[in-house]
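Convention: sequence-line order gives letters A, B, ...; per-chain numbering from 1.
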There are 2 protein chains.
Amino acid sequence: MDRRTEIMTAAGRLFSEAGYHVTSMRDLARAVNLQGGSLYAHIASKEEILFEIVSHAADLFLAGAAAVPPDLPPAERVARLVEAHLAVIAREIGNATVFFHEWRFLSPERKAQIQERRDAYEAYFTRAIADGVETGVFRVEDPRLATLFVLSALNWTYQWYDPAGPIPPDEFARQYAAMVLGALGADGPLTPGPSPRVGEGRSTEHAGGAA
Amino acid sequence: MDRRTEIMTAAGRLFSEAGYHVTSMRDLARAVNLQGGSLYAHIASKEEILFEIVSHAADLFLAGAAAVPPDLPPAERVARLVEAHLAVIAREIGNATVFFHEWRFLSPERKAQIQERRDAYEAYFTRAIADGVETGVFRVEDPRLATLFVLSALNWTYQWYDPAGPIPPDEFARQYAAMVLGALGADGPLTPGPSPRVGEGRSTEHAGGAA
DNA sequence: CCTACCGATCGGTAGG
DNA sequence: CCTACCGATCGGTAGG
């Protein structure tokens, strides 16, 4: 790992733990065994570091969504989008936290650049949900509100999900996707088995669980 | 409105717009037509202001949840909790934003005090969901994860909901509650009408909507 | 990559 | 409630 990458990695951790404004350049320098001023041999400004972290996270989210085949049936597509989203958070919780929590401190130009990518990301969900509403597999009153609901449920996870905790990322994503589909009024489990059985209502597989 | 309240109101707006650390005491003083040092005739420290805002918001959320009758059926109770939560956000979006976004900058003692109230608030949801799982009206795999899902969907709303926007708070809350119940695997519309019809699956009332 | 420094700004206080 | 000030710290730079 070269010095610049080392700085970015440390910054992602510090910014996520203490916040962008609370972390001083001296704090960051100490974390990579440099003197304060020496950082500027590798980076132009504090805000450049923030942008690189946020931009990197945005790319990860976009790449994850772009990898979901757009011709999948809507329910499966939404499930895959949910899983991709949570995979990014599980893998890069620090950078994801900075992405969600500190991006507003970017300069107007850079903020606008990130906003574009956020819009593009959101569009993947908007499309999948609209498709599902059109074909009748989703039953929601307002697709726009439903999209915001789904993104809200996803975006907050960085606040509490611990990839090293008791529930492994895969299991976490699977259950989360099931609840998202429930919120969208989808009929039942989608991945294995035939098309949903009529007259039986929805059922989350292994319903019950703890209690 | 006395001076102290005036300061708190202005601080709620400024902290929510620019962030706690970006807002200086001089910014705040200017907003209430005072000189910087004069603020300290009314408050002890910047952090005291932050605490008062966050504490006030916590009280509002707790009071809203406490007002939901605990003997209601679980589905209706969850719906009422969702509506209460969103009502607070619709009424005090600024303070709610500070509550969610800046509370971590409190001193350890004050942070712990708020954490207690957050836990108590979360417990209302945990109980309602556990009750619903027990009685079989909710079908989720892991009640703990389901609770976190619901709170995530709610907690993020301060980021995008505009009470003055196109969708009025009541309508917003009603649709949001329907999606939450869907995520919990509840069977259908709950408020009006008889118990859910068997053999018809779930349906959000007026399913379809825009598209 | 370090040393030494810059001007600016911070939260908070004394004294009236 | 104002004026004037405090020490501390900030991001960033020059010169080597």
Side-chain angles (χ1 to χ4, degrees), chain A residues 1-56 95 98 101-111 114, chain B residues 1-56 95 98 101-111 114:
Chain A
M1 197 154 66
D2 72 332
R3 257 288 136 93
R4 196 165 201 282
T5 311
E6 217 177 305
I7 291 170
M8 295 299 165
T9 303
R13 189 172 51 78
L14 292 173
F15 289 178
S16 68
E17 285 170 3
Y20 176 66
H21 284 106
V22 174
T23 305
S24 74
M25 293 302 272
R26 267 68 188 175
D27 293 335
L28 177 53
R30 201 176 313 114
V32 292
N33 293 310
L34 286 183
Q35 295 303 313
S38 306
L39 286 171
Y40 293 88
H42 302 95
I43 56 98
S45 69
K46 191 183 183 185
E47 197 221 330
E48 181 185 273
I49 301 178
L50 176 60
F51 178 70
E52 209 153 301
I53 293 171
V54 169
S55 178
H56 171 67
N95 290 335
V98 176
H101 219 98
E102 315 288 343
W103 79 298
R104 65 168 165 156
F105 299 125
L106 290 169
S107 68
E109 303 78 37
R110 283 173 162 157
K111 192 156 42 177
I114 299 299
Chain B
M1 198 155 63
D2 72 332
R3 258 285 135 93
R4 196 165 202 282
T5 312
E6 217 177 304
I7 291 170
M8 293 300 165
T9 305
R13 188 173 50 77
L14 292 174
F15 289 178
S16 68
E17 285 170 3
Y20 176 66
H21 283 107
V22 174
T23 305
S24 74
M25 292 303 272
R26 266 69 187 174
D27 293 334
L28 177 53
R30 202 177 312 114
V32 293
N33 292 310
L34 286 183
Q35 295 303 314
S38 306
L39 286 172
Y40 293 88
H42 302 96
I43 55 101
S45 69
K46 191 184 183 186
E47 197 222 329
E48 181 186 273
I49 301 179
L50 176 60
F51 178 70
E52 210 154 300
I53 294 171
V54 169
S55 178
H56 172 67
N95 291 335
V98 176
H101 219 97
E102 316 288 345
W103 80 298
R104 66 169 166 155
F105 300 124
L106 290 169
S107 68
E109 302 79 34
R110 282 171 162 158
K111 192 155 42 175
I114 299 299

Asks: Should the pair His101(B) and His101(A) be assigned to parallel (<30°), tilted (30 to 60°) or perpendicular (>60°) ring geometry?
Replies: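 Tilted, since the angle between the ring planes falls between 30° and 60°.
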Asks: Short question: side chain of Arg4(A), backbone of His42(A) - any donor-acceptor pair under 3.5 Å?
Replies: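 Judged by distance alone, yes, a pair lies under 3.5 Å.
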Asks: Does a side-chain N or O from Arg3(A) land closer than 4.0 Å to OP1 or OP2 of dC1(C), or not?
Replies: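 Result: yes.
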Asks: Does Ser38(B) have a side-chain nitrogen or oxygen under 4.0 Å from the phosphate oxygens OP1 or OP2 of dC2(D)?
Replies: yes
Asks: Measure from CG on Asp27(B) to P on dT9(C) and round the result to the nearest Å.
Replies: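 Asp27(B) atom CG is separated from dT9(C) atom P by 11 Å.
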Asks: Under 4.0 Å, counting only non-hydrogen atoms across every strand here, what does Leu39(B) touch: a base, just sugar-phosphate, or nothing?
Replies: nothing
Asks: Applying salt bridge (Lys or Arg N to Asp or Glu O under 4.0 Å), run through Lys46(B) and Glu102(B) and close with a yes or a no.
Replies: CA-CA 13 Å; Lys46(B) 191 184 183 186; Glu102(B) 316 288 345; over 6 Å; no
Asks: For dT9(D), which nucleotide is its Watson-Crick or G-U wobble mate, given both distances must be under 3.5 Å?
Replies: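 The answer is dA8(C), by the H-bond criterion.
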Asks: Quick check on dG12(D): is either OP1 or OP2 less than 4.0 Å from any side-chain nitrogen or oxygen of Tyr40(A)?
Replies: yes
Asks: Can you measure Leu28(B) atom CG to dG12(C) atom P for me and round it to whole angstrom units?
Replies: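 Taking CG of Leu28(B) and P of dG12(C), I get 11 Å after rounding.
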Asks: Which nucleotide in the set dC1(C), dC1(D), dG12(C) lies at the smallest distance from any side-chain heavy atom of Ser45(B)?
Replies: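 Taking heavy atoms from C-beta onward, the closest nucleotide is dG12(C).
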Asks: Between dA8(D) atom P and Met25(A) atom CE, what is the distance in whole Å?
Replies: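 My rounded result for the distance is 23 Å.
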Asks: Quick check: does any side chain N or O of Ser38(A) sit under 3.5 Å from a backbone N or O of Leu34(A), one acting as donor and the other as acceptor?
Replies: no
Asks: Rounded to whole Å, how long is the line connecting atom CD of Glu47(A) with atom P of dC10(D)?
Replies: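 Interatomic distance, CD of Glu47(A) to P of dC10(D): 19 Å.
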Asks: Tell which nucleotide pairs with dG15(D), taking only Watson-Crick or G-U wobble pairs whose two distances are both under 3.5 angstrom.
Replies: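 Pairing partner: dC2(C).
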Asks: Considering just the side-chain nitrogens and oxygens of Ser24(B), establish if one lies under 4.0 Å of OP1 or OP2 belonging to dT9(C).
Replies: no
Asks: Quick check: does any side chain N or O of Thr5(A) sit under 3.5 Å from a backbone N or O of Met1(A), one acting as donor and the other as acceptor?
Replies: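 No, because the side chain of Thr5(A) does not come within donor-acceptor range (under 3.5 Å) of the backbone of Met1(A).
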Asks: Once you round it to whole Å, what is the distance between P of dT13(D) and NZ of Lys46(A)?
Replies: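 My rounded result for the distance is 15 Å.
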Asks: Within this structure, what is the NE2-to-P distance between His21(B) and dC10(D), rounded to whole angstrom?
Replies: 11 Å
Asks: On DNA chain D, check which nucleotide each of Gly36(B) and Gly36(A) is closest to and give me the residue with the more 5' one.
Replies: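 First, find each residue's nearest nucleotide; the 5'-ward one identifies Gly36(B).
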Asks: Using atom CZ of Arg26(A) as one end and atom P of dT3(C) as the other, report the distance to the nearest whole Å.
Replies: 12 Å
Asks: From CD of Gln35(A) over to C1' of dT3(C), roughly how many Å is that when rounded to an integer?
Replies: 8 Å
